Amino acid sequence: QVQLVESGGGLVQAGGSLRLSCAASGRTFSSNIMGWFRQAPGKQREFVATITRSGVSTLYGDSVKGRFTISRDNAKNTLYLQMNGLKPEDTAVYFCAARKMNFISTVVSGYDYWGQGTQVTVSS
């Protein structure tokens, strides 16, 4: 089992920045591929970014590429998402997720554990 707790969400103006964190406990953090997803009201949960166990490789959704950066600190059991150049369309609940299988996935069903989410609201 892995327990995930997101933090760092809030209200920010367009063009601003936020840094989300996801604290993990339970199963060894470094043994999981990690990802960020988001879900806006009335929409399906959307892939944002994922990172390999070591943190060497990352993959981003097209809508955030070049603006968001995923990273992890295995010593602190924490996943991060640095969000720059925020747009109103980035408004959503952001979820972190952990995957047991050792290859990257960009789909919701590919992840085994989920946090409760943190709200990000970008005003225009």
Side-chain angles (χ1 to χ4, degrees):
Q1 285 289 334
V2 176
Q3 292 77 44
L4 303 171
V5 180
E6 302 95 336
S7 61
L11 174 64
V12 63
Q13 288 189 333
S17 298
L18 280 175
R19 188 195 197 199
L20 305 184
S21 298
C22 174
S25 60
R27 188 172 183 257
T28 304
F29 178 70
S30 59
S31 65
N32 294 293
I33 283 178
M34 300 297 297
W36 285 101
F37 288 76
R38 67 186 183 186
Q39 189 166 18
K43 295 188 176 181
Q44 291 188 336
R45 197 165 294 190
E46 173 191 21
F47 167 73
V48 174
T50 185
I51 188 167
T52 54
R53 293 174 174 178
S54 65
V56 169
S57 296
T58 59
L59 185 68
Y60 296 91
D62 288 342
S63 60
V64 307
K65 204 173 295 183
R67 299 187 298 123
F68 291 9
T69 302
I70 188 172
S71 62
R72 66 191 297 164
D73 186 334
N74 287 341
K76 295 182 178 180
N77 292 344
T78 303
L79 177 73
Y80 302 101
L81 184 69
Q82 178 66 43
M83 305 186 295
N84 299 329
L86 282 162
K87 305 175 182 180
E89 51 263 44
D90 294 318
T91 295
V93 177
Y94 283 71
F95 299 89
C96 71
R99 172 174 168 80
K100 294 187 288 187
M101 296 293 285
N102 191 23
F103 53 94
I104 280 179
S105 174
T106 62
V107 299
V108 171
S109 60
Y111 288 78
D112 304 287
Y113 307 102
W114 293 84
Q116 83 290 346
T118 185
Q119 177 70 47
V120 171
T121 303
V122 184
S123 63
S124 57

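Note that this is a predicted model, so its numbers are computed, not measured. Start at 1 with the first residue, then count along the sequence.
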How would you list, by chain and number, every residue that makes a side-chain hydrogen bond (donor to acceptor under 3.5 Å, both in side chains) with S17, sequence neighbours excluded?
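Testing S17 for side-chain hydrogen bond (donor to acceptor under 3.5 Å, both in side chains), a comparison that skips the adjacent residues, returns N84.
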Taking side-chain hydrogen bond (donor to acceptor under 3.5 Å, both in side chains) as the test, write out the residues that go with R99, two or more places apart.
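Expected list: none.
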What is the distance from atom [atom1] of [X] to atom [atom2] of [Y], rounded to the nearest 0.5 Å?
X: I104; Y: I33; atom1: CD1; atom2: CD1; result: 5.5 Å
X: Q82; Y: L18; atom1: CD; atom2: CG; result: 8.5 Å
X: I70; Y: T52; atom1: CD1; atom2: OG1; result: 9.5 Å
X: K87; Y: S124; atom1: NZ; atom2: OG; result: 14.0 Å

ring-ring contact (aromatic ring centres under 6.0 Å, His included) pairs, two or more places apart, involving residues 66-105:
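Every candidate ring-ring contact (aromatic ring centres under 6.0 Å, His included) pair involving residues 66-105 fails, so no pair, neighbours aside, qualifies.
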Taking only residues at least two apart or on different chains, which pairs with a member in residues 6-55 satisfy ring-ring contact (aromatic ring centres under 6.0 Å, His included)?
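Qualifying pairs: F37-F47, F37-Y111, F37-W114.
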Is it the case that over 12 heavy atoms from other parts of the model lie below 6.0 angstrom from the CD atom of Q44?
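Atom CD in Q44 is not crowded, with 12 or fewer foreign heavy atoms closer than 6.0 Å.
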Listed by chain and number, what are the salt bridge (charged side-chain N to carboxylate O under 4.0 Å, His left out) partners of R38, not counting sequence neighbours?
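Counting only residues at least two positions away or on another chain, R38 forms a salt bridge (charged side-chain N to carboxylate O under 4.0 Å, His left out) with E46, D90.
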For residues L81 and V2: do they belong to one hydrophobic cluster (side chain heavy atoms under 4.5 Å, members Ile, Leu, Val, Met, Phe, Trp, Tyr)?
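Yes, L81 connects to V2 through the hydrophobic network.
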Would you list the pairs meeting disulfide bond (SG atoms under 2.5 Å apart) in which at least one residue belongs to residues 87-122, sequence neighbours left out?
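Disulfide bond (SG atoms under 2.5 Å apart) check on residues 87-122 returns C22-C96.
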With sequence neighbours excluded, give me every disulfide bond (SG atoms under 2.5 Å apart) pair touching residues 26-95.
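Qualifying pairs: none.
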With heavy-atom distances below 4.5 Å as the criterion, would you say the side chains of [X] and [Y] are in contact?
X: M83; Y: R67; answer: no
X: R53; Y: N32; answer: no
X: L4; Y: L79; answer: no

Taking side-chain contact (heavy atoms from CB on, under 4.5 Å) as the test, write out the residues that go with [X], two or more places apart.
X: Q1; value: Q3, Y113
X: Q119; value: T91, V93, T121
X: K65; value: Y60, D62
X: S109; value: V107

Show me the pairs that pass salt bridge (charged side-chain N to carboxylate O under 4.0 Å, His left out) and involve residues 72-83, at least two apart or across chains.
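Applying salt bridge (charged side-chain N to carboxylate O under 4.0 Å, His left out) to every pair that reaches into residues 72-83, excluding sequence neighbours, yields nothing.
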